[in-house]
Trainee: 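Sharing a structure with you now.
Nothing here was measured: the structure is a model prediction, and the numbers come from that model. Every chain is numbered from 1, with letters handed out A, B, ... down the list of sequences.
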There are 2 protein chains.
Amino acid sequence: MRLFVVLAEELHFGNAAQRMFISQPAFSRQIRALERCLGVDLVARSSRRVELTPAGQALLPEARTAVESVDRIRHVAQAQIRCVQGRLAIGSIGAEAQQPYTRAILAELRARNPDLKLDVCSLDIAHHVLALTQGEVDVAFLLSPMPPGIETLTLATGPRVACLPADDPLADRTSVTLAELAGRPVVDVPPECPRSWWNFWAVDPRPDGTTVRYGPVVHDVEALFLAVAHGEAMAFLPGAAQTFFPRPGVHYVEVSDAPPATAALAWMAKNRTLPTINAIRRAASAVLQRTSASGPGG
Amino acid sequence: MRLFVVLAEELHFGNAAQRMFISQPAFSRQIRALERCLGVDLVARSSRRVELTPAGQALLPEARTAVESVDRIRHVAQAQIRCVQGRLAIGSIGAEAQQPYTRAILAELRARNPDLKLDVCSLDIAHHVLALTQGEVDVAFLLSPMPPGIETLTLATGPRVACLPADDPLADRTSVTLAELAGRPVVDVPPECPRSWWNFWAVDPRPDGTTVRYGPVVHDVEALFLAVAHGEAMAFLPGAAQTFFPRPGVHYVEVSDAPPATAALAWMAKNRTLPTINAIRRAASAVLQRTSASGPGG
DNA sequence: CAGCGTTACGGTCTACGTAAAAATA
DNA sequence: TATTTTTACGTAGACCGTAACGCTG
């Protein structure tokens, strides 16, 4: 079942078997067993070409959702284990983990709950929402907007910068407008990433109504920087990227008229009542109140 | 996994094992293996009481969806087999299979496609929508309204009747109003049946804004008639029930002011293009055109 | 011939059922 | 003490990996 999904991606028994860490004959037998079990041929194989039959194509999305749901079971089980162990899995996208507010919240959380174990991990562009929805992490420091089912607490708001190749005519400006960037392709993200989220980050559609042309798909920020440095496309990032991600061949220019970006602490709405999640929510609220109180005063 | 779902329903190892057609020790071992595999205890068992742990409760819905999606795989595979074999699985709820338009459509379909094999089965109240969405049947003769994702072709529209216990003061009337029926509990349906569908059939909320009180849950029409005959609740049915379901202790009375009911041929929107489904759609359209053409003329 | 999928074979691991034991109210 | 879950044990089937085979371009 999972093997079938992998085979559909690879269209090659040897490679697929390797990905699943079993020998190729074993893989072949499993697929054949699945076909016998279901009563339909799923893949048409000649020893030179492997392709899905119509039945295989029809079954592929169903198989995918089935595999996803058993993955979800594992993740939810892990979340339950963490819950009884007093553990909290925290994810963070890009440079959010290094931001002052994030560090302050984690410090506050540790101070308030000395027995709470924190598992912090970084999330890449492709999977940050999946990590939350599938329960791989309990909470995450992310960038809005989040899709329905995810609740957020706004942590900070700031300008966005354009991420341009060094040889772009605009690369050395101190500020640009969306109109000046019109026509430049924007790095794309894989389909498992919610479209609405990336549309916001690509400013698609633009204020003038035009839609964005997309460049190569990247799965993480380093791939994004490589794509930009190669001149294949541009990207929009939160202003903090400027200081946290200096990269050769990549210049940052503030975009004066893009809607501001919002950093947020996010969690699944259905998990709102979990004690560990409540703990970090309270810690975050405390830090925000303290900051806003001291801000005008200092 | 599936065993866990069954155990959660039965809360009894022996009964659950029997439902799964394996011995009780084997069942017990499987559950324990699942717990070891996930790393969490799912059920708290004393030899007198079996109950779900919090982790088990959290995992139960996920396990359910996982089981459902593998069931869907089997059903979609069956649909594919039918497709290559030139078979069409047709479902029908209540008396729809016996209605003249249904019989005419099936006759037309057989006449146009002599090689097409038809598998007709009846669907009960609880599962008629699931049978479509999970691919157990390709098309179905149902009663509107259908939830999104299901397309319909309207076949007939007619008044609704109240289904009342024989000793109800209104049971021998020729016509009643919703206002006269106010306060009477209505038979309920299990949760796997879309709420919007049953709300329509229970006329909930009523035109005056009041909500309906529900009686016992029934899974099929015969259970519905028993509940009504016992005086536990009333029900609303299409007028045709009057002639097709004479039952002791059950009287039918036309409801003068209930919105009319619509019988329809239904299929999954995503399957619209399948040749077998197209065939029955065309047959149905032809029958409808012929009927409407001859109607005014005769 | 070279690459790739399939079949053959020997060994291990899982999972069943029956029967006996342990645990709880 | 009675009901229900768990452990013990012997067997049948599933699955893996290595190696040999067959097919296609």
Trainee: B:Arg45 near the nucleic acid: base, sugar-phosphate alone, or nothing, with a heavy-atom cut-off under 4.0 Å?
Mentor: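 Here B:Arg45 touches the backbone only, sparing every base.
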Trainee: Taking only residues two or more places apart in sequence, or in another chain, which ones meet B:Arg281 in a side-chain hydrogen bond (donor to acceptor under 3.5 Å, both in side chains)?
Mentor: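 By the side-chain hydrogen bond (donor to acceptor under 3.5 Å, both in side chains) rule, B:Arg281 matches no residue at all.
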Trainee: Do B:Arg195 and B:Tyr214 form a cation-pi contact, if we require the NZ or CZ to be under 6.0 Å from the six-membered ring centre and within 45 degrees of the ring's axis?
Mentor: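 Relative to the ring axis of B:Tyr214, which defines the angle, B:Arg195 lies inside both limits.
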Trainee: Report the residues that fulfil side-chain contact (heavy atoms from CB on, under 4.5 Å) with A:Ser69, sequence neighbours left out, ordered by chain and then residue number.
Mentor: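 By the side-chain contact (heavy atoms from CB on, under 4.5 Å) rule, A:Ser69 matches B:Thr65, B:Ala66, B:Ser69.
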Trainee: Using a strict heavy-atom distance below 4.0 Å, which residues from residues 24-40 of chain A are in contact with DNA chain C?
Mentor: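 Output list: A:Gln24, A:Pro25, A:Ser28, A:Arg29, A:Arg32.
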Trainee: Excluding sequence neighbours, so at least two apart, what forms side-chain hydrogen bond (donor to acceptor under 3.5 Å, both in side chains) with B:Arg45?
Mentor: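 Counting only residues at least two positions away or on another chain, B:Arg45 forms a side-chain hydrogen bond (donor to acceptor under 3.5 Å, both in side chains) with B:Glu35.
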Trainee: Enter the inter-axis angle for the ends of the helix from C:dC1-D:dG25 to C:dA25-D:dT1 (five pairs per end, rounded to 10°).
Mentor: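 End axes: 30° apart.
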Trainee: Could you tell me whether a side-chain N or O of A:His127 sits under 3.5 Å from a main-chain N or O of A:Leu130, the two making a donor and an acceptor?
Mentor: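 Judged by distance alone, no pair lies under 3.5 Å.
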Trainee: Of the options A:Gln134, A:Met146, A:Glu192, which is the one that meets A:Val129 in a side-chain contact (heavy atoms from CB on, under 4.5 Å)?
Mentor: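 Exactly one option meets the side-chain contact (heavy atoms from CB on, under 4.5 Å) with A:Val129, and it is A:Met146.
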Trainee: B:Ser92: which residues meet the side-chain hydrogen bond (donor to acceptor under 3.5 Å, both in side chains) condition with it, sequence neighbours left out?
Mentor: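 Result, side-chain hydrogen bond (donor to acceptor under 3.5 Å, both in side chains) vs B:Ser92: none returned.
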Trainee: Taking side-chain contact (heavy atoms from CB on, under 4.5 Å) as the test, write out the residues that go with A:Ala79, two or more places apart.
Mentor: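 A:Ala79: side-chain contact (heavy atoms from CB on, under 4.5 Å) contacts with A:Arg82, A:Asp138.
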Trainee: Please find the earliest and latest nucleotides of DNA chain C, in the 5' to 3' direction, that have an atom within less than 4.0 Å of any heavy atom of chain B.
Mentor: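 Here the contact window of chain B covers C:dA15 to C:dA25.
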Trainee: Got a list of side-chain donor-acceptor pairs under 3.5 Å for residues 21-31 of chain A, not counting sequence neighbours?
Mentor:
unit_1: A:Ser23; atom_1: OG; unit_2: A:Ala26; atom_2: N; d: 3.4

Trainee: Going by the ring pair (Phe, Tyr, Trp, His ring centres under 6.0 Å) test, which pairs reach into residues 62-88 of chain B, not counting sequence neighbours?
Mentor: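 Listed once each, the pairs would be none.
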Trainee: Considering only heavy atoms from C-beta outward, does the side chain of A:Leu38 approach that of A:Leu59 to under 4.5 Å?
Mentor: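 Contact flag for A:Leu38/A:Leu59 side chains = yes.
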Trainee: Heavy atoms of chain B, cut-off under 4.0 Å: which first and last nucleotide of DNA chain D, 5' to 3', fall inside that, if you could look?
Mentor: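 Result: D:dA2 to D:dA8.
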Trainee: Partners of A:Arg272 by side-chain hydrogen bond (donor to acceptor under 3.5 Å, both in side chains), sequence neighbours excluded?
Mentor: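 Partners of A:Arg272 under the side-chain hydrogen bond (donor to acceptor under 3.5 Å, both in side chains) test: A:Glu151.
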